[in-house]
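Taking it in order: structure first as structure tokens, then the write-up.
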Amino acid sequence: MRPLITAIGLLLAWEALTWATGVPVYILPPPSRVAVVLVERFDLLMEQAAWTAAEMILGLALGLVLGAVLAVVFAASAGWRRWALPLVIVSQAIPVIAIAPLLVLWLGYGMASKVAMAALVIFFPVVSTLYDGLRRTDQGWLDLAQTMDACPRAVLLQIRLPAALPAFASGARIAAAVAPIGAVIGEWVGASAGLGYLMTQSLARGQTPLAFAALFLLCLLGLALYHATDRAARRLVPWQSPQGE
Amino acid sequence: MRPLITAIGLLLAWEALTWATGVPVYILPPPSRVAVVLVERFDLLMEQAAWTAAEMILGLALGLVLGAVLAVVFAASAGWRRWALPLVIVSQAIPVIAIAPLLVLWLGYGMASKVAMAALVIFFPVVSTLYDGLRRTDQGWLDLAQTMDACPRAVLLQIRLPAALPAFASGARIAAAVAPIGAVIGEWVGASAGLGYLMTQSLARGQTPLAFAALFLLCLLGLALYHATDRAARRLVPWQSPQGE
Amino acid sequence: AQEKVRVLLDWFVNPDHAALVVAKQRGVFAKHGLDVELIAPADPNAPPKLVAAGQADYAVSYQPTLQMLVAEGLPLARVGVLVAQPLNSLVALEDSPVKTLADFKGRKIGYSIAGFDEALLGAMLESAGLTLKDVTLINVNFALTTALMSKQVDGVIGAFRNFELNDLELNKAKGRIWLVEKNGVPAYDELILVAKRETVDVARTKKLLAAIAEATAWLKANPAEAWAIFSKSGKELDNDLNRLAWKDTLPLLADDPVALDRARYETFAAFLVKRGLIKQAPATASYLRDMR
Amino acid sequence: MTFVVASPSLSVRGARIAFGDRVVANNLTLEFPGGRTTCLLGRSGVGKTSLLRWLAGLLPGAERAAPLAYMAQRDLLLPWLNLLDNVLLGHRLRGDAVALGAAGPRARTLLAEVGLGHRLGDRPETLSAGMRQRAALARTLCEDRPVVLMDEPFAHLDAVTRLELQDLAARLLAGRTVVLVTHDPLEALRLGHQVRVLSGTPFTVGPVIEPPGPMPRDPADPTLLGLQGRLIAQLRNTA
Amino acid sequence: MTFVVASPSLSVRGARIAFGDRVVANNLTLEFPGGRTTCLLGRSGVGKTSLLRWLAGLLPGAERAAPLAYMAQRDLLLPWLNLLDNVLLGHRLRGDAVALGAAGPRARTLLAEVGLGHRLGDRPETLSAGMRQRAALARTLCEDRPVVLMDEPFAHLDAVTRLELQDLAARLLAGRTVVLVTHDPLEALRLGHQVRVLSGTPFTVGPVIEPPGPMPRDPADPTLLGLQGRLIAQLRNTA
Ligand SMILES: Nc1ncnc2c1ncn2[C@@H]1O[C@H](COP(=O)(O)OP(=O)(O)OP(=O)(O)O)[C@@H](O)[C@H]1O
Ligand SMILES: Nc1ncnc2c1ncn2[C@@H]1O[C@H](COP(=O)(O)OP(=O)(O)OP(=O)(O)O)[C@@H](O)[C@H]1O
Ligand SMILES: [Mg+2]
Ligand SMILES: [Mg+2]
């Protein structure tokens with residue numbers, strides 16, 4: 001119920017904004033206009049949304065796995081960290097237009113290059129937060145494990161990793177929120193389908209309401225994915241805050 | 001010393017990669033080619049880099065402040081959270097091409113619209129991680145504060161906020177890493193300067209080595225900003241892990 | 001006092017904008033009482049919309065774009081022309097097995113601007129007895145030459161004849177080119193100036209066009225000196241590609257930026273309707289303003 | 001009568017304390033007389049902490065009767081504050097600059113009295129467990145509230161320090177309504193006007209035991225040793 | 001002689017324990033006899049925990065002499081594991097599936113013996129402080145190591161449970177080298193072959209006190225009560 005009220009409230013705010021600022025339809029159409037297009041072009045939009053949703057979900061899955069693996073590797077090995085951490089940071093600074101030709105060269109124009117591009121955007125918050133979490137393990141637990149003759153691998157997997165799950169959840173939330181833009185960026189690598197593609201195309205042809213209908217769906221997908229991830233993340237960390245009495 | 005060795009190692013790896021895969025110069029030029037351009041066009045590159053650096057730093061500063069304020073507001077008020085959190089999530093799904101005309105309309109062609117765009121990319125990890133951190137305060141401290149008749153504001157500012165500083169640091173690190181791309185995206189809003197501008201232009205014109213020289217500088221800027229932020233973040237949290245004995 | 005004028009370019013500054021840049025640098029605009037600011041966006045979609053929204057006085061755009069935007073209801077009007085012929089073309093590598101349009105059957109073609117490039121290509125293929133269904137279309141979004149040279153595609157539509165061939169040459173490749181207007185597409189104006197329909201300032205526009213005409217005449221007469229001025233106006237402009245493109249571009253610049261061929265717009269609108277890009281041709285009177 | 005108003009009695013009427021299916025206390029009715037110290041004893045896990053949290057209004061359904069100071073089983077020092085600031089936490093949180101300024105000397109005195117006068121500026125993580133517990137005690141006493149709830153406040157202290165701090169607490173808490181949970185029967189007998197034993201699941205509260213004489217009592221007093229035996233027997237009888 | 005090998009003695013030779021400028025012990029030489037229980041007493045903050053951490057090889061410069069089990073002042077239960085898995089933590093961490101399987105019944109028995117047999121599947125956060133301490137004790141005993149270091153293992157337990165668990169520990173730890181830190185002189189006298197008092201800054205270790213008779217000794221034994229007085233006096237003399 002409440003999310004519905006919020007949604008309606010936000011749409012009304014948007015409608016009011018377009019009225020109040022007098023912003024032209026071809027720059028920011030009011031939701032009423034967008035709604036009309038949404039109904040008229042429903043089939044087209046759904047088709048493209050399915051495409052983008054697939055990219056988002058694959059990208060997020062790949063990003064989460066890749067991010068988690070990298071964070072664990074960084075936490076386990078100073079050697080790897082020294083070499084690969086700068087690469088990971090730098091990977092965030094590279095605009096899609098610089099890397100797209102490379103991806104196409106290596107992965108072709110199919111889904112693979114798009115998912116790879118999306119994952120490149122999505123994986124970073126996961127690496128970063130999880131690695132931070134892995135660095136902040138309670139010293140008491142580490143001492144205890146040391147007296148128990150635990151090998152570093154067991155400490156990492158059985159103590160540091162579970163202890164860092166709240167941090168992972170934090171990273172996964174960010175990853176879910178950027179998944180839509182990851183998918184759209186992936187579509188830049190050379191797509192002929194997807195909401196991002198539809199958006200670019202309709203913006204180029206002045207069909208702003210259609211572009212915003214696509215954007216609206218993209219946002220819905222984003223919210224849905226975010227909430228799904230949020231729920232999963234909460235389930236991941238059922239215990240109280242680390243110091244809980 | 002060590003970072004230097006790492007850097008040289010990475011450059012060698014890049015050079016080797018271009019040789020081994022035989023990837024054409026116009027897709028991925030070897031660092032030797034890039035170095036030549038870097039020297040030849042040094043003045044041009046420096047000029048553009050200064051521009052982008054300014055956008056990055058302003059964007060990061062604005063993003064950190066905005067992110068921190070929003071996270072605190074969300075933690076303080078369920079009402080605000082209900083309305084604005086979905087907006088914040090959705091803001092991450094919006095591609096620059098959809099929002100750029102709006103920003104120009106409202107903020108003009110100057111630095112403001114670029115910094116706003118950059119901040120839009122940068123602020124999110126900060127809100128998300130800090131808000132997560134604010135939600136995970138040790139219940140014992142909250143109980144203690146309650147028995148002390150602390151008003152919610154004091155609890156938020158004097159207990160939950162300091163306790164969430166590690167989470168904030170985590171978010172700031174991500175923010176710093178995405179600041180370069182934030183600045184580049186900002187340059188899409190209509191720049192006539194900056195490394196992103198130079199890169200797009202030279203890629204569109206087949207001057208791949210120049211584009212990669214710009215990209216190289218962008219990555220350097222990104223690494224520098226990341227390490228500065230990392231240092232500041234460590235200083236922010238001088239105490240041991242929350243459970244430290 | 002100088003009248004302030006803001007012109008949004010369609011894309012990064014390049015030799016297509018020679019007349020504008022030279023007019024500004026040599027003080028031709030100033031001579032006509034104008035203080036012109038040239039702004040380059042990274043997204044070619046935005047400028048006409050921003051002009052329609054009153055965020056700038058003029059935008060450099062393309063005839064097909066203008067006609068599609070007008071058909072969608074944007075209050076825009078064409079007030080002048082910079083390049084009065086198509087620049088777009090279909091390009092393949094010379095050493096590829098594609099020798100004629102018909103050879104594209106079963107091959108991959110890259111394109112940039114969704115919809116429009118498809119329409120051009122469709123018309124061209126039909127002129128050679130093929131249809132769009134005979135080729136695989138791939139959106140390469142940018143980096144047309146890169147896609148071509150790395151053999152990811154066999155041909156690209158959307159290549160500008162004055163640029164992409166030179167770009168290939170600089171990368172030690174040779175291209176084979178099919179001009180759109182010679183292969184089933186009606187001729188159109190590639191680069192035009194648009195303004196917001198209701199607020200066209202006729203007097204100022206006339207001054208602007210006069211200055212452009214004067215600059216065009218001068219730079220065609222003094223290409224070397226003009227190149228020096230152009231390449232010094234921005235450090236990033238002085239490069240081999242622009243140098244090569246410069247000589248190919250100058251002859252293409254419209255000598256008379258005021259010229260207006262209504263029939264050309266009507267024919268092309270009909271073409272757009274036929275290709276399904278717009279539903280109905282807008283009345284030319286509504287968006288063509290003669291500045292004579 | 002002003003005295004009674006200043007240090008109110010605490011009553012629990014028909015309370016139910018439960019965590020999910022686990023009922024810790026059911027239909028509990030209990031009175032803690034105002035201005036007096038009640039010591040609670042009970043086997044581990046019987047529900048002492050839960051009762052204290054109930055009194056502090058920290059459990060769902062519970063309401064707090066009066067302003068109080070609560071010392072939990074953990075020290076709950078804030079790692080980013082030094083000892084002095086930790087002791088002044090209540091005043092800082094209430095944001096009353098005047099009161100905060102006035103409490104400064106008191107906090108210093110208290111820290112000196114618990115033996116931490118030389119560590120005012122140190123962070124909690126550099127202290128031993130007993131030192132942290134003493135700092136938490138100082139923070140609780142610094143609150144200067146009519147009602148004080150304390151959960152095993154001396155658990156991490158050596159025998160000598162413990163006696164000294166019991167004396168300190170008895171002196172500073174005289175006239176207040178105090179509920180003190182402890183595992184040491186002798187400590188309960190030394191400090192309490194009343195001693196009560198919790199037992200059973202859900203727990204019930206045993207009869208009031210009132211040791212004679214003024215507090216803090218001498219632990220070597222044979223009456224106390226006799227009562228201690230009785231308390232231990234009470235504890236033992238109730239698995 | 002195999003006995004001595006199985007439970008080695010622990011020696012500290014010329015050790016220096018310091019945190020920055022704060023010197024806790026200097027040139028410390030000390031011997032904990034193999035197979036026997038040594039109880040350490042000392043004022044709060046004197047350095048008992050630091051010494052134990054030194055013995056466990058957890059401080060910079062320290063080296064661990066033998067496989068050992070260490071029970072810290074905090075319970076250190078992992079919040080994402082249930083009690084049984086927490087008790088089996090050592091076996092889980094060493095990743096020896098056979099040993100882990102074999103330790104299962106032992107862990108259950110131990111949890112039952114500390115009174116938590118009915119809470120095997122519960123998460124630590126749902127336990128009382130004393131219950132958590134008992135679980136940590138079970139974890140330590142489950143390790144089955146020749147050397148056992150324990151830091152105030154019974155601090156949060158009521159008098160009756162404390163006696164029971166002292167008996168349990170004495171039984172299960174017999175023949176091992178045990179160092180036990182406690183604040184309760186009587187507990188030290190009950191459980192230790194030797195009792196030693198730490199005092200001063202940097203601390204020195206007092207003479208060996210060896211209570212007579214087999215352990216666990218009767219707390220009502222008048223000899224013990226006499227020794228208790230001596231210990232308290234020793235503690236009191238050293239501010
Ligand atoms: N991490 C640390 N950093 C700085 N000082 C420390 C640190 N840990 C302990 N100390 C100091 O070392 C001294 C001894 O501490 P330790 O914890 O060993 O005392 P203890 O005898 O165990 O006391 P308690 O009975 O209170 O547990 C104290 O003065 C303490 O402040
Ligand atoms: N958060 C919780 N969730 C579920 N059960 C809880 C929770 N807190 C306490 N309990 C249960 O309530 C009962 C009473 O716990 P409580 O902490 O009040 O005991 P206590 O008397 O203080 O014990 P101790 O002397 O060991 O501190 C225990 O059985 C405990 O398991
Ligand atoms: Mg308790
Ligand atoms: Mg200690």
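Per chain, numbering begins at 1; letters A, B, ... match sequence-line order. As the structure is a prediction and not an experimental result, all values here were calculated from the model.
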Around atom CH2 of A:Trp80, are there more than 12 heavy atoms from other residues, nucleotides or ligands closer than 6.0 Å?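 No, not enclosed.
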
Would you say A:Arg135 has more than 12 foreign heavy atoms packed within less than 6.0 Å of its CZ?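 Result for CZ/A:Arg135: enclosed.
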
Heavy-atom cut-off 4.5 Å, strictly under: side chain, backbone, both or neither for A:Leu215 against chain B? side chain

Side chain from CB out, backbone as N, CA, C, O: work out which of these in A:Leu203 comes under 4.5 Å of a heavy atom of chain B, or both, or neither.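 Side chain of A:Leu203 only, per the 4.5 Å heavy-atom cut-off to chain B.
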
Portion of B:Tyr131 that has a non-hydrogen atom of chain A nearer than 4.5 angstrom: neither

Looking at chain A, which one of [options] has the largest number of heavy-atom pairs inside 4.5 Å, strictly under?
| options | answer |
| --- | --- |
| B:Ser128, B:Pro180, B:Ala211 | B:Ser128 |
| B:Ser91, B:Gly222, B:Ala98 | B:Ala98 |
| B:Val90, B:Ile89, B:Thr129 | B:Ile89 |
| B:Val184, B:Val178, B:Ile94 | B:Ile94 |
| B:Ala179, B:Pro86, B:Pro95 | B:Pro95 |

Could you state the interatomic distance from [atom1] ([X]) to [atom2] ([Y]), rounded to the nearest 0.5 Å?
| X | Y | atom1 | atom2 | answer |
| --- | --- | --- | --- | --- |
| A:Asp230 | B:Leu85 | CG | CG | 8.5 Å |
| B:Leu105 | A:Leu28 | CG | CG | 9.5 Å |
| A:Leu87 | B:Trp14 | CG | CH2 | 11.0 Å |
| B:Trp83 | A:Ile5 | CH2 | CD1 | 8.0 Å |
| B:Leu102 | A:Leu17 | CG | CG | 8.0 Å |

Which heavy atom of [X] sits nearest a heavy atom of [Y], and at what distance?
| X | Y | answer |
| --- | --- | --- |
| B:Asp132 | A:Ser170 | OD2-OG, 2.7 Å |
| B:Ala177 | A:Gln92 | O-CB, 3.6 Å |
| A:Arg82 | B:Thr6 | O-CG2, 3.2 Å |

